[in-house]
Every structure is written in structure tokens, then in C-alpha cells.
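For reference, the structure discussed in these notes is given below.
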Amino acid sequence: MIRTHDAGSLRAADAGVTVTLAGWVARRRDHGGVTFVDLRDASGLVQVVFREGAPAQAAHQLRNEYCVRVTGTVGPRPPGNENPELPTGAIEVTATALEVLSESAPLPLPVDDHIDAGDDIRLRYRYLDLRRSGPAAALRLRSAANRIARTVLDRRRFVEVETPTLTRSTPEGARDFLVPVRLQPGSWYALPQSPQLFKQLLMVAGLERYYQIARCYRDEDFRADRQPEFTQLDIEMSFVTQDDVIELTEEIVGGLWRELAGHEIQRPVPRLTWHEALARYGSDKPDLRYGVELTELTEYLRGTGFRVFETAIAAGGYVGAVVMPGGAAQTRKELDGWQDWAKARGARGLAYVVLDADTGEPRGPVAKNLPAGHLAGLADAVGAKPGDAVFFAAAGVRREAQELLGAARVEIARRTGLADPDAWTFCWIVDAPMFEPADPALGGTGWSPVHHPFTAPTAGWIDRFEEAPGEALAYAYDIVCNGNEIGGGSIRIHRADVQRRVFDLLGITPAEANDKFGFLLEAFKYGPPPHGGIALGWDRICMLLAGEDSIREVIAFPKTRGGYDPLTGAPTRITAQQRAEAGVDAKPKQEAAPGT
RNA sequence: GGUCCUGUGGAGCAGUUGGAGUGCUCGCCGCCCUGUCAAGGCGGAGGUCGCGGGUUCAAGUCCCGUCAGGACCGCCA
């Protein structure tokens, strides 16, 4: 090493030691006769003092982010000049030699913890952005998270296995990223949406305990918590029950929050059934930092004559409500704003009743449409107090109305500041349905898998899920933190007969199944063990631990919303020669027969 | 595919009722300065107000389109 010490490590005990440091000029304070330079390296900052001689002359020429090597003597700062804000604030290094290792051009982006630039400029100069303490800490935190997970898994004798990133297109789920294959023009690899099928093959292979910090790819639109390439901590285990996977996951998540957030998670983490979560919170990933639970009013509001409610009830649907504490104090404009909010989500509107703060009397347009009898008991029915507002949703499809109320619940919490930003709440969502009605808009008929088609039905449903597909439950489980789904998994089907029945219900013929998953079904002929696993959303988990609002903050080189990387300029056009070689335009000679 | 927010010297912002490219903080260049720590003082340079069109005597400001960044809905087994 060309240095003897880390700048951020120096303390009062080092006084008198001659050190050589190497790093960057974080800031220069030039007083003419004396110059202070904050020297930053990966370990932190230390103040270097230039007082006389050639080094002091040269120090006048230093500029921010010059890369320098300094030799000097550590000494206590003069009394009264200590800086308690800095870990190294008790001492300073008096320079005896200065070497400029490289100069820096004027910065396009200030390397300064106090200023936050726009995303495009930060990403274009990400290497400068990462010199700042916040972004640098986020990457170090992520590294620590990897270490913590690996330690737990290694202790339990898991095997880390890498699976292909050039693989076969999967027929369902998200859109695949495709890669042309030069050696077979007209044929394409897909980048994996997850290592799902490979990890099941590894169970057939007898590894019993597999994990991988796996890069996954999905060609869908982005969000603050979604990038086209993202990372899962992917885990699969043989001879386990749902409880075993949950226990392991709690061990990992518990370790992460203990070490990286200083928070001890209460275990076991509470479990909610999927139906309970929808009924109480209108979401399969409820934020439990606050109450504001939903109330079903389908029975209570029967026979009001109010068209919106009557139609939903007559269709065998759902009417429910959620209470906004203090919501009666909203202006007419704010209440109208809720209608726009609901319409933006595809709903017709959001009916509401406000309860007079003094008298508790129900008011508002909907109140005029409800019979006095129904109005009188409304506050008690929904648990509202005078001064509150009650929002209603009604739909022929239960989940639709519940999810609108669930979204309203989150919005109420946001507008009234109900969510404690320092709180951590976790829960498992278990007993998810196996199937949901296929979306006709996507050309579907019959049933679609809620999770994926290899998810095992629960013991109670394994022999009769065909009797009521919409009610059948699966051994599927999601772990949720503060309203974010941070992981999900399932016990898989390992019996050929059960798998065939699931495919039958999904309308997948044996020929189609063979075409799509033939290699997996083939493998399952040879004594597949019962198995199950989970995938943890690693970017989201690191984002939460870092206290950030976007997974971009915990990815070294993220892309913008348009899939563009301002740093490298990717994606780019390709040359005619590349295009010809890649075989992008090749036409398949003959349609391959199914099963080949 | 849809809704919304943002775009003003290198960075972050302000810019009123449409009235001169006006202003603030930082950075940059020059000079001064021996205890600062987001140092300070004096002086200076730096602008296609994202781009295109329209309305107007006059547009950073109003209208339409477009591009870029962001948030959300759809989508994401």
C-alpha cells in the first residue's frame, strides 16, 4: 500500500505518529498562511494542516477531489479547536510532504453530503455520486446484508449454486428479455425472471439446501421499487414444511434487522391469512404500523335503496368502509380531491359521509341517500367518532372494493401522518388462494395460478381443489414489512398426479405442459423430494434497511425509468454486422414440433 | 397505454398580474487572508429559461406538441 494508515481511523492515541495517507481532497480551507484540507478515503475524513515550506505552497493549488498522498505527523488539535462532529475531530495531521496523484476537473456534480442532485445527473456521474457518504454507505450496507444472509445459510449447511442467466423463455408471468443466438439463427435465449425451475431441479438433484443471490430480469414498466434487473435471495429446501421455510426466513430477516437497523424483530412474526388481510386491510401486503381497519357493511347496508350499494349487493358483491380520523375537518375541495384520487385508480368515485365534529350528525351527499335507520347506527357500525369521515366502496367483485378501501387506507395514513417512520412491523400472509379467475382482457378463460403453477395446495385441498378452485388454498406465503412485500414463496408440488390435475384445471394440456415445462416434468419422474422455498426481494430489503424510498439507491449502477443508463448510454443501436451475426432477423426454417 | 409533478449559467433553487436574462446559495477563475472545519473578504467569468410551434405590442411566465427525469395506475405467474 502506498499509505500507512486510513484517514478515518486516526484518533488521539495516534498523536506523535508519522503517517502517510492517500485519498481525495474533500474540502480545502485556505487561510493564506495556513491551509486546512479535509482528506477523505473509504474510512472517513481527517483534517490535514499545511503550514510552511513546499507542501504549504503546493497546497494552495489543491482543488476539490484531487487525489493526493500526504505524509505528516498526527497531533492533538490546539485547545478549543477540536471538532466533536468528526470521529477524527480531536486530532489533525500536520503535513510534511504532499504528492498530487491525479488532478480533478471542475466537478459536474458537487461531491457534498448537503446537496442532492437530480437523478439523471447523479446516475451519469454515479462514480462521483458514490464518493458521497450516503450513497457509499448504501452499497456497504448491501454488502453487509449479503454477508449476514450467507452466514446464516452457511451455518445451516446451505449450498450456494449459480444457475444460468442464458436460459429458456418461460411461457407465463412477466415479459422476458430475449437474447439472439448466433449459433442458431432464429432461436433466442431468455434471461431468467427467477431461478425458479432450476432450483427445483437442484432439489431433484439431491442438494437439499440451495441458495443464491440471484440476478433476475423482467421486461415490465419500472417503479421506485422495480428495475428491469433486480436481485433475489433465492432459497429452496427439501423435506420441509411451510413452517420450516418461515423459520429460516425469520432467522435471516431477524439477523438483517438486528445488525443493520438495530431492531429486534419479535418472533414468531405474526401470520395473517390472505383472506383476513384483504378483509381487514384491503391488501395482501398490509402496512401494520397503523390501524384504520376496514369494516364490511354488506349486510348492514342491505336495503338502503342507494343504487351504488344495492347493485353491488345484488351482484353478490361487497360493500365496506374505512374511517379517516378527523376527516370531517376536510374542506369541500379536499373531499372532492378524493373523488379524483379514486378515479385515477380506475374507480367511479369514493362515496363518503362526514360526522359533524360537535353533534356526530352524518352529512354529505351520500348521507342524503341513506335511510335514517341506516344512518343512525353507521358510526357505531364502522367505529367512527364525531369529526371523522367514512369512505365507502362497493363492487360486485369483493376483492375490487376491498382493494380500493385498502388503497384509501394507505392514503389516509399518508395524509394524516399515521405511519411512524421509525417503526418496523412484519407479518406473514399465509393461506393464499391457489387460483383466481383468469382475466378475460388478456384472453384468459377459466383459472390462473395466483402464485405459479407448481404451488402445492394445502393438505385440506390437495384431494379436492377442483371442487371449488376459487376457494382452494395453497401453501404459499409472503413476508411483508411496513406494507412492502419483501419475500414470497411456496411449498411445491412434487407428485405427478397432483401436478397433472393442476394443469388440467388451468387448461394446460399434457402436450402443452410437456412443451413448456417438459424438462421439469421429466425430472419429476425420478423420485423428486417434497420441497419448497422462498425468494427475498433483496433490493427492497436493502432499500428499507438503508431508509431509502427507491431501490435505485441500493443498486451500484441503476437505470432510469426509461431503461436508460445515463452513465454508459446503454442501450445502444447495433451495427449492421452485429445485427447480421446475431441472427435477429433470421426466420425459423420450420416450426418446431411440440415436445422437441 | 393512461394520470400527475419537474425542467431557469457547472449543481441546487426563487422568479409576482405576461413587461429588459432579474435574483439567492454553492461551485469555477483572480486577488487578499495564520486556526478553519458547509472558513471568510473583494472582484470576475459563465444563460438557446429542455426543444418546436402558437397567442400577444411583448412569453421563463399563457396554449398546443415533443423530449428528458420522477411519482402513481395499468402491467409485474
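In the text below, chain A, chain B and the rest are named by the order of the sequence lines, each starting its count at 1.
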Tell me the partner of B:A38, counting only Watson-Crick (N1-N3 plus N6-O4 or O6-N4) or G-U wobble (N1-O2 and O6-N3) with both under 3.5 Å; none if nothing fits.
-> none

Ion pair present between A:Glu403 and A:Arg345, side-chain N to carboxylate O less than 4.0 angstrom?
-> no

Could you tell me which residues satisfy ring pair (Phe, Tyr, Trp, His ring centres under 6.0 Å) with A:Trp428, sequence neighbours excluded, listed by chain and number?
-> none

At under 4.0 Å between heavy atoms, what does A:Arg226 touch on the DNA or RNA strands: base, sugar-phosphate, or nothing?
-> base

All N/O contacts under 3.5 Å from nucleotides 39-43 of chain B to the protein, with atom names and distances to one decimal?
{"from": "B:A39", "atom 1": "OP1", "to": "A:Arg27", "atom 2": "NH1", "distance (Å)": "3.4"}
{"from": "B:A39", "atom 1": "OP2", "to": "A:Arg27", "atom 2": "NE", "distance (Å)": "3.1"}
{"from": "B:A39", "atom 1": "OP2", "to": "A:Arg29", "atom 2": "NH1", "distance (Å)": "3.2"}
{"from": "B:A39", "atom 1": "N6", "to": "A:Asp30", "atom 2": "O", "distance (Å)": "2.6"}

What pairs of nitrogen or oxygen atoms, one from the protein and one from nucleotides 66-70 of chain B, lie under 3.5 Å apart?
{"from": "B:G69", "atom 1": "OP1", "to": "A:Thr560", "atom 2": "OG1", "distance (Å)": "2.9"}
{"from": "B:G70", "atom 1": "OP1", "to": "A:Arg561", "atom 2": "N", "distance (Å)": "3.1"}
{"from": "B:G70", "atom 1": "OP2", "to": "A:Arg561", "atom 2": "N", "distance (Å)": "2.7"}
{"from": "B:G70", "atom 1": "O3'", "to": "A:Arg552", "atom 2": "NH2", "distance (Å)": "3.2"}

note: A:Asp478, atom CG; B:C76, atom C1'; distance rounded to Å ~ 14 Å

Sort out the partner of B:A59 for me: Watson-Crick or G-U wobble, both distances under 3.5 Å, none otherwise.
-> none

Hey, is the side chain of A:Asp221 pairing donor to acceptor with the base of B:G74 inside 3.5 Å?
-> yes

What residues, two or more places apart in sequence or in another chain, satisfy side chain to side chain contact (heavy atoms under 4.5 Å, CB included) together with A:Thr73?
-> A:Thr18

Base, sugar-phosphate, or nothing: which does A:Pro108 touch, judged by heavy atoms less than 4.0 Å apart?
-> sugar-phosphate

By the Watson-Crick or G-U definition, both distances under 3.5 Å, B:C75 is matched with none

Centroid-centroid under 6.0 Å between A:Tyr352 and A:Trp338 rings | no

Taking ring pair (Phe, Tyr, Trp, His ring centres under 6.0 Å) as the test, write out the residues that go with A:Phe222, two or more places apart.
-> none

If the C1' atom of B:U25 is compared with that of B:G9, how far apart are they to the nearest Å?
-> 14 Å

Expressed in whole Å, how much space separates the P atoms belonging to B:A58 and B:C67?
-> 29 Å

Under the side chain to side chain donor-acceptor pair (under 3.5 Å) rule, what pairs show up with a residue in residues 556-567 of chain A, not counting sequence neighbours?
-> A:Glu229-A:Lys559, A:Asp565-A:Thr568

Let me know the distance between CG of A:Asn64 and P of B:A11, rounded to the nearest Å.
-> 16 Å

Given the side-chain rings of A:Phe503 and A:Phe517, with only the six-membered ring counted for Trp, is the space between their centroids under 6.0 Å?
-> yes

Does A:Asp431 have any side chain to side chain contact (heavy atoms under 4.5 Å, CB included) partners at least two apart in sequence or in another chain, and if so, which?
-> A:Thr273, A:Thr458, A:Leu473

Under the side chain to side chain contact (heavy atoms under 4.5 Å, CB included) rule, collect the residues that match up with A:Asp219, sequence neighbours excluded.
-> A:Arg175, A:Phe177

note: A:Leu109, atom CG; B:G10, atom C1'; distance rounded to Å ~ 10 Å

Between B:C76 (P) and A:Asp284 (CG): distance, integer Å = 14 Å

What is the pairing partner of B:C29, taking Watson-Crick or G-U wobble pairs with both distances under 3.5 Å in any strand?
-> B:G43

Scan every strand shown for a Watson-Crick or G-U wobble partner of B:G23, both distances under 3.5 Å, and answer none if you come up empty.
-> B:C13

Atom CD of A:Glu400 and atom C1' of B:G74: how far apart are they, to the nearest Å?
-> 13 Å

Determine whether any donor atom in the side chain of A:Glu65 lies under 3.5 Å from an acceptor atom in the base of B:G27, or the reverse, and answer yes or no.
-> no

Distance between C1' atoms of B:U8 and B:C13 (Å, rounded) = 10 Å

Taking any strand in view, what nucleotide pairs with B:G65 in a Watson-Crick or G-U wobble way, both distances under 3.5 Å?
-> B:C51

Mind checking the P distance from B:C37 to B:C26? Whole angstroms is fine.
-> 13 Å

Protein-nucleotide distance (A:Glu548, atom CD; B:A71, atom P), rounded to Å = 13 Å

For RNA chain B, which residues in residues 124-133 of chain A have a heavy atom at a distance below 4.0 Å?
-> none

Distance between P atoms of B:G10 and B:C72 (Å, rounded) = 31 Å

At under 4.0 Å, does any side-chain N or O of A:Asn81 touch on OP1 or OP2 of B:C37?
-> no

For A:Tyr125, what residues pass the ring pair (Phe, Tyr, Trp, His ring centres under 6.0 Å) criterion, not counting sequence neighbours?
-> none

Send over the distance from A:Leu404 CG to B:G74 P, rounded to a whole Å.
-> 11 Å

Nearest-nucleotide wise, let me know which of A:Ala117 and A:Gly33 is further upstream toward the 5' end of RNA chain B.
-> A:Ala117

Closer than 4.0 Å, any side-chain N/O of A:Arg63 to the OP1 or OP2 of B:C29?
-> yes

Pick base, sugar-phosphate or nothing for A:Ser194, based on heavy-atom distances below 4.0 Å to the nucleic acid.
-> base

Taken in chain and number order and not counting sequence neighbours, the residues that satisfy side chain to side chain contact (heavy atoms under 4.5 Å, CB included) with A:Leu107 are A:Asn64, A:Glu65, A:Ser104, A:Val111, A:Leu128

Gap between atoms CZ and P, on A:Arg51 and B:G35 respectively (whole Å) | 10 Å

Do A:Arg27 and A:Asp38 meet the salt-bridge criterion of a basic N to acidic O distance under 4.0 Å?
-> no

Looking at A:Trp188, is A:Arg168 sitting on its ring face, NZ or CZ under 6.0 Å from the six-membered ring centre and within 45 degrees of the normal?
-> no

Which comes earlier along RNA chain B counting from the 5' end, the contact point of A:Glu92 or that of A:His114, where each point is its nearest nucleotide?
-> A:Glu92

Polar side-chain contact A:Arg223-B:G74 base: donor and acceptor under 3.5 Å | yes

For A:His60, the ring pair (Phe, Tyr, Trp, His ring centres under 6.0 Å) test, sequence neighbours excluded, returns none

Of B:G1, B:C76, B:A38, the nucleotide closest to the side chain of A:Arg218 is B:C76

